There are 2 protein chains.
Amino acid sequence: MNDPHKSAALHVAIAGLGTVGAGTLRVLSDQATLIARRAGRPVVVTAVSARDRTRDRGVDLSAYTWFDDPVAMARDSGADVIVELIGGAEGAARQVVEAALDAGRHVVTANKALLAHHGTELAARAERAGVGLLYEAAVAGGIPIIKALREGLAANEIRSVQGILNGTCNYILTTMRETGRDFESVLSEAQALGYAEADPTFDIDGIDAAHKLALLVSLAFGAPVDLAAVSVQGIRHVSALDIRFAGELGYRIKLLASGERLGDGIDARVAPVMVPLDAPLAHVEGVYNAVVTEGDIVGRSVFQGRGAGAGPTASAVVADLVDLARGHQVPVLGVPVEGLTQAGTAATPGSRPERYYVRLMVLDRPGVFAEVADILREERVSMESILQHGRDPGECVPVVMIVHDTEEEVLKRAIARIATLSTMVEPPRVIRIARL
Amino acid sequence: MNDPHKSAALHVAIAGLGTVGAGTLRVLSDQATLIARRAGRPVVVTAVSARDRTRDRGVDLSAYTWFDDPVAMARDSGADVIVELIGGAEGAARQVVEAALDAGRHVVTANKALLAHHGTELAARAERAGVGLLYEAAVAGGIPIIKALREGLAANEIRSVQGILNGTCNYILTTMRETGRDFESVLSEAQALGYAEADPTFDIDGIDAAHKLALLVSLAFGAPVDLAAVSVQGIRHVSALDIRFAGELGYRIKLLASGERLGDGIDARVAPVMVPLDAPLAHVEGVYNAVVTEGDIVGRSVFQGRGAGAGPTASAVVADLVDLARGHQVPVLGVPVEGLTQAGTAATPGSRPERYYVRLMVLDRPGVFAEVADILREERVSMESILQHGRDPGECVPVVMIVHDTEEEVLKRAIARIATLSTMVEPPRVIRIARL
């Protein structure tokens with residue numbers, strides 16, 4: 001271990017040479033000496049594969065064996081580790097990972113979609129082959145949160161893991177707040193700047209965050225990866241008006257991914273929520289990600305860093321490679337697959353009372369508020385505070401209420417009744433207030 | 001790895017049964033099943049040693065072999081790992097660790113003083129013996145920052161590591177700010193509440209933070225542990241008045257431990273500084289610790305959690321034990337001792353221009369300010385802003401200035417001259433404004 005030159009190099013083959021793949025090549029080359037000293041032996045790329053051999057990626061590929069077929073590379077390249085950076089839950093990415101594991105090669109991947117859909121099965125496959133399947137880069141590359149949950153917090157029963165896991169959404173929400181502009185306008189700008197994809201669905205509808213949450217929940221609670229148990233709501237319907245009211249009430253609206261133990265099950269969801277300004281997550285802005293864990297022994301820990309981009313993702317990929325070079329191997333999901341409990345399937349969101357922000361757009365007429373209050377009283381929903389700016393008889397005005405701890409189903413019933421009142425100009429907006 | 005019952009247990013002996021030692025025993029017993037599942041095999045305490053066998057610690061010791069002499073236990077107990085929780089840089093703690101390493105046993109310790117003074121030598125000793133020396137619990141127990149620096153950020157050249165590393169100081173500064181009370185009064189209360197020791201010197205004079213910083217700096221920059229290269233200033237002289245002015249100017253005063261690359265050397269210091277309110281560290285309050293790292297590839301990452309206390313420290317000790325049970329072993333200081341560079345000795349603080357807060361207490365007489373301004377101009381120190389509340393002719397008033405980027409030596413010269421002015425009622429106070 002003491003002399004890098006005495007130890008055989010770790011041979012790496014990289015499948016997928018987009019910005020992250022090219023970034024990883026660059027880091028492994030630029031920091032080769034530092035990495036070898038830390039890893040105890042050189043980490044050397046021997047083969048690469050991508051769709052287009054001729055594309056200029058700003059890195060010299062001549063030293064690597066080229067494979068047109070990444071699956072052939074996974075199987076036949078002779079590398080110790082296959083780094084999968086193709087992306088997607090199926091197709092080439094899945095075939096590459098399966099072929100590599102079956103060939104007894106370690107896998108390092110940044111592919112949250114693949115693991116969210118097939119994580120448990122792939123973990124079992126890695127176990128059977130006796131190899132590692134590492135994925136620090138799949139969740140918040142700038143934060144070593146996979147390692148923290150799997151190793152650093154190993155003494156703890158984790159009570160909750162919550163985070164801001166999608167940089168695109170956080171950038172959009174931050175910009176909406178700072179500029180007062182609406183969602184569509186900020187999204188267009190984010191697309192022009194390259195902060196959002198041409199098809200932004202995965203990000204803004206919360207799917208990407210759900211993929212990442214499914215992995216964190218599995219690790220935190222020792223449950224099988226269960227994407228279907230994550231309830232998902234994106235940020236399309238967050239309005240500039242609600243962001244402004246949030247500020248006035250002492251909150252910031254964030255797309256929060258949260259997993260909490262709830263009775264025998266796990267409550268896992270992605271949704272825009274109100275984060276109190278005194279919580280660290282309220283101040284995580286722009287493209288930053290953050291994760292808050294609550295362990296029974298250690299209490300609360302907060303981790304913050306860049307979420308995506310070539311740098312943070314490559315940094316995480318290389319950290320996994322250094323772990324492999326050092327011979328470090330831990331169960332893929334924190335415990336062996338046979339030790340995973342089935343708790344992940346018992347999500348029963350909504351059964352726990354929560355506080356909510358409710359915004360109504362009403363015609364400002366005498367008696368409007370009495371009607372709303374009557375419904376709330378009948379449904380036993382109690383109000384904590386109410387906010388109304390000025391009055392404008394005969395016109396449409398927003399009325400904002402914070403309601404006390406209420407079960408989601410109860411609130412839904414009350415809101416459904418309120419929505420039918422003739423004075424309601426648009427559907428009520430409901431946003432949960434996070435416990436943070 | 002798949003069946004804990006098939007693998008031999010990791011045998012652990014614990015030296016020192018204070019709150020952390022007793023807490024560690026409790027965690028290992030209460031979470032035995034969870035830990036065995038994660039570690040791949042049971043982690044079992046076989047022997048313990050402490051000064052007083054009869055003291056009631058709230059845990060049953062009957063199952064463990066008792067040693068009156070912890071050094072004998074380290075040498076003869078047959079345990080795989082010795083956990084050293086005695087504390088102190090010399091004496092029993094040092095002897096236990098040396099005896100354990102020489103006997104080929106792994107060591108887990110929470111002892112920052114020992115490692116700050118003898119870290120490099122002990123790392124070499126562990127390397128020679130081929131065993132691990134783990135110390136996650138020595139720095140900010142609630143934050144897996146040792147692991148993050150040694151593993152999670154392994155791809156990065158670290159540019160800086162800065163943090164709030166002493167919970168006692170942070171509690172005192174937070175309480176001073178919230179209540180407006182002065183240092184002595186808050187310290188007395190903290191002692192009564194058990195948040196500060198009867199002899200608080202180690203904490204409030206910055207020594208404890210310096211110990212921790214010396215370790216972080218070594219890990220971050222691949223340098224030998226060099227406590228002597230850390231310049232240290234505590235919080236005794238932080239006044240309620242300065243805390244109030246800090247707030248008015250948009251800062252919070254924090255005891256900051258910071259290590260930064262500076263030319264060929266490392267600038268390592270512990271001192272009260274002004275932290276801008278928009279930096280995450282400004283919002284780390286009470287007994288919480290936080291660390292901010294800046295890596296060349298990953299950018300900025302922020303880690304926050306409880307610093308001390310039985311829970312967080314035991315959590316970190318057990319995480320190290322799980323690493324050992326999993327067979328995970330990395331170089332003690334991130335790279336083998338022979339690979340450590342000597343950069344740690346070349347600290348040249350003060351050579352980089354910084355911004356400073358300067359508070360003068362002056363007799364409010366005509367011409368006072370012109371004298372100060374003359375000196376600043378002559379010494380080429382330029383002012384960014386000045387703050388003076390009201391006027392009180394003939395009386396003593398505070399005058400606060402923020403000075404532009406200035407080398408420390410230059411500022412010191414100017415301040416020394418200002419201090420000699422006949423209108424100065426007390427020595428000027430200077431507090432650096434942190435780059436965060």
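What's counted below: heavy atoms across the whole structure, side chains too, no hydrogens, waters or symmetry copies. Keep in mind the model is a prediction, meaning the values are calculated, not measured. Lettering of chains follows the sequences in order, A, B, ..., and the numbering in each one begins at 1.
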Note to self: Within the structure provided, determine whether Arg326(A) and Pro331(B) are in side-chain contact (heavy-atom separation under 4.5 Å).
What the structure shows: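 When only atoms from C-beta onward are counted, Pro331(B) and Arg326(A) do touch, with a gap below 4.5 Å.
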Next item on the list: Scan for salt bridge (Lys or Arg N to Asp or Glu O under 4.0 Å) pairs involving residues 303-317 of chain A, sequence neighbours excluded, and state none if there are none.
Entry: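 Listed by first then second residue: nothing to list.
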Note to self: Taking salt bridge (Lys or Arg N to Asp or Glu O under 4.0 Å) as the cut-off, I'd like each qualifying pair that reaches into residues 139-160 of chain B, sequence neighbours left out, listed once.
What the structure shows: Lys147(A)-Glu151(B), Glu151(A)-Lys147(B), Lys147(B)-Glu151(B), Lys147(B)-Asp323(B), Glu157(B)-Arg261(B)
Notebook entry, point to check: Which distance, rounded to the nearest 0.5 Å, do you find between the CG of Asp296(A) and the OG of Ser315(B)?
Noted result: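 Answer rounded to 0.5 Å: 8.5 Å.
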For chain B, which candidate among [options] shows the most heavy-atom pairs at distances under 4.5 Å?
options                                    : result
Ala155(A), Ala314(A), Gly305(A), Pro144(A) : Ala155(A)
Ala148(A), Gly130(A), Ala154(A), Ala319(A) : Ala154(A)
Arg300(A), Glu136(A), Arg26(A)             : Arg300(A)

Please report the closest heavy-atom contact between [X] and [Y], naming both atoms and the distance.
X         : Y         : answer
Gly311(B) : Ile297(A) : O-CG2, 3.2 Å
Leu153(A) : Arg38(B)  : O-NH1, 3.8 Å
Asn156(B) : Gln31(A)  : CA-NE2, 3.9 Å
Val298(A) : Gly142(B) : CG2-CA, 3.4 Å

Check: Going by the angle between their ring planes, with limits at 30° and 60°, are His328(B) and His328(A) parallel, tilted or perpendicular?
Finding: parallel
Next item on the list: Count the heavy-atom pairs under 4.5 Å between each of Gly334(B), Ala290(B), Pro280(B) and chain A, then report the option with the highest count.
Entry: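 That would be Gly334(B).
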Notebook entry, point to check: For Asp30(B), is it the side chain, the backbone, both, or neither that has a heavy atom closer than 4.5 Å to a heavy atom of chain A?
Noted result: neither
